[in-house]
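Written out below as structure tokens is the structure these notes cover.
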Amino acid sequence: MSRQQGFARFVWTAAYVVGFAVVAALFVSGLDYYRTPLVERAHHEGYWTWKAGGRVGQKLGVAGSSMMLLMLLYSVRKRVGALRRLGALSHWLDGHIFLGVFGPLLVVLHSGFKVQGLVALSFWSMIVVAASGVLGRYLYLQIPRTRAGEALALAELEKQDRELSERLRGRFGLDDSALGHIDSLVAVPERSGLLAGLLRMVVGQLRLRAALSVFAHSCRGVPRPLQRDFERVVQQKALARRRILLWDRAHELFHYWHVMHKPFALVMYLFMVVHVAVAVMTGYAWGSRL
């Protein structure tokens with residue numbers, strides 16, 4: 001991992017910690033109201049604060065909806081070639097996922113956990129979109145890409161695999177038997193449906209990491225000062241080999257994920273617009289006490 005990647009990971013980790021802390025604080029502050037039965041909430045002392053059109057509830061809705069709208073910038077960046085200079089696509093995806101996590105969480109608090117009627121369709125579509133976004137991020141990482149975010153060709157990935165093999169031979173003294181053992185540890189899941197395929201890919205990757213760690217520590221001929229670098233190159237070699245073997249499957253699953261993700265996203269945005277329009281026309285958006 002480069003210094004730049006390490007810094008980016010630190011920044012996003014900090015952002016998630018702060019984000020979850022803020023959401024948790026808001027939830028605890030309004031907990032008594034949220035726990036009150038729906039028919040009794042109008043008499044609760046926090047009603048005009050935490051209801052959907054209340055002083056805080058309305059702001060939560062505006063903030064959550066705004067974050068979900070900002071998520072669309074990732075799609076714009078991905079499709080407009082003139083925007084390629086505005087940072088790597090992977091960074092935009094990180095922002096897209098961050099907004100896709102905390103936007104829905106704020107909307108959930110805005111709703112006061114009261115989901116009824118047509119709003120329920122938008123709400124559950126939002127939940128599906130947010131949950132599937134996590135799966136989409138995992139599949140995205142299974143498809144090797146350039147720094148600009150473009151998918152690598154299979155030939156380029158195979159070239160990387162050969163270069164890593166030569167590095168393990170030349171710098172660390174591994175022979176063909178040891179390299180063959182690394183390749184043998186790469187397990188490829190059987191073909192199955194989207195969810196089952198994803199689960200098997202995740203489990204296989206976790207098992208591979210553990211097996212590679214054992215293998216790296218069993219190679220006694222590697223000098224101790226080079227051990228950490230050796231483990232990193234072994235992981236890269238196995239990852240490259242795994243991506244080659246899963247090339248077709250990863251692209252196929254990513255396609256199926258798009259087929260599932262996009263319709264729910266369209267429903268979510270459509271009913272969000274309808275919900276906001278109705279709230280504005282009826283005056284509820286302004287927190288009227290009438």
Side-chain angles (χ1 to χ4, degrees), residues 12-72 95-137 194-195 198-199 257 260-290:
W12 283 116
T13 300
Y16 274 95
V17 170
V18 172
F20 280 118
V22 170
V23 171
L26 289 167
F27 175 74
V28 171
S29 297
L31 182 59
D32 190 59
Y33 172 77
Y34 298 141
R35 294 174 59 183
T36 303
L38 296 179
V39 295
E40 300 177 11
R41 287 188 178 181
H43 305 290
H44 191 278
E45 61 181 0
Y47 177 71
W48 293 104
T49 298
W50 297 104
K51 72 164 190 164
R55 290 187 298 274
V56 175
Q58 183 189 56
K59 292 181 176 63
L60 292 173
V62 172
S65 300
S66 298
M67 294 174 78
M68 291 164 65
L69 288 174
L70 287 173
M71 289 168 56
L72 297 173
H96 177 79
I97 294 174
F98 179 84
L99 295 171
V101 170
F102 290 102
L105 285 176
L106 294 180
V107 170
V108 169
L109 294 178
H110 161 72
S111 71
F113 301 90
K114 177 184 176 182
V115 183
Q116 298 175 343
L118 288 177
V119 176
L121 184 58
S122 176
F123 177 85
W124 290 113
S125 295
M126 177 189 70
I127 297 300
V128 171
V129 169
S132 66
V134 177
L135 299 179
R137 170 62 170 172
L194 175 59
L195 294 179
L198 281 169
L199 179 61
W257 173 82
M260 179 188 74
H261 187 76
K262 286 185 177 180
F264 282 105
L266 289 173
V267 170
M268 176 188 72
Y269 283 115
L270 174 63
F271 281 94
M272 183 179 74
V273 171
V274 172
H275 171 68
V276 172
V278 171
V280 170
M281 288 188 294
T282 59
Y284 189 78
W286 315 120
S288 173
R289 291 175 179 260
L290 297 179

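All values derive from a computational prediction rather than experimental measurement. Note that these values count all heavy atoms, side chains included, but never hydrogens, waters or copies made by symmetry.
- Rounded to the nearest 0.5 Å, atoms CG (L31) and OG1 (T36) are 9.0 Å apart.
- A distance-only check finds a donor-acceptor pair linking the side chain of R41 to the backbone of Y34 [under 3.5 Å].
- Not one N or O on the side chain of Y47 forms a donor-acceptor pair closer than 3.5 Å with the backbone of G54.
- Aromatic ring pairs are classed by plane angle as parallel below 30°, tilted from 30° to 60° and perpendicular above 60°; the pair F98 and Y16 is perpendicular.
- For L60 against W50, the heavy-atom pair with the smallest separation is CD1-CZ3, 4.4 Å.
- In this structure, F264 has no ring pair (Phe, Tyr, Trp, His ring centres under 6.0 Å) partners at least two apart in sequence or on a different chain.
- Partners of H44 under the side-chain hydrogen bond (donor to acceptor under 3.5 Å, both in side chains) rule, at least two apart in sequence or in another chain, are D32.
- Across H96 and M71, no two heavy atoms sit closer than the pair ND1-O, 2.9 Å.
- Between K59 and R55, the closest heavy-atom pair is NZ-O, 3.1 Å.
- The shortest distance between side-chain heavy atoms of Y269 and L69 falls below 4.5 Å.
- Heavy atoms only, all atoms of each residue included: A63 and L106 are closest at CB-CD1, 3.9 Å.
- When all heavy atoms of H110 and G57 are compared, the closest pair comes out as ND1-O, 2.7 Å.
- The closest side-chain heavy-atom distance from F20 to V101 is below 4.5 Å.
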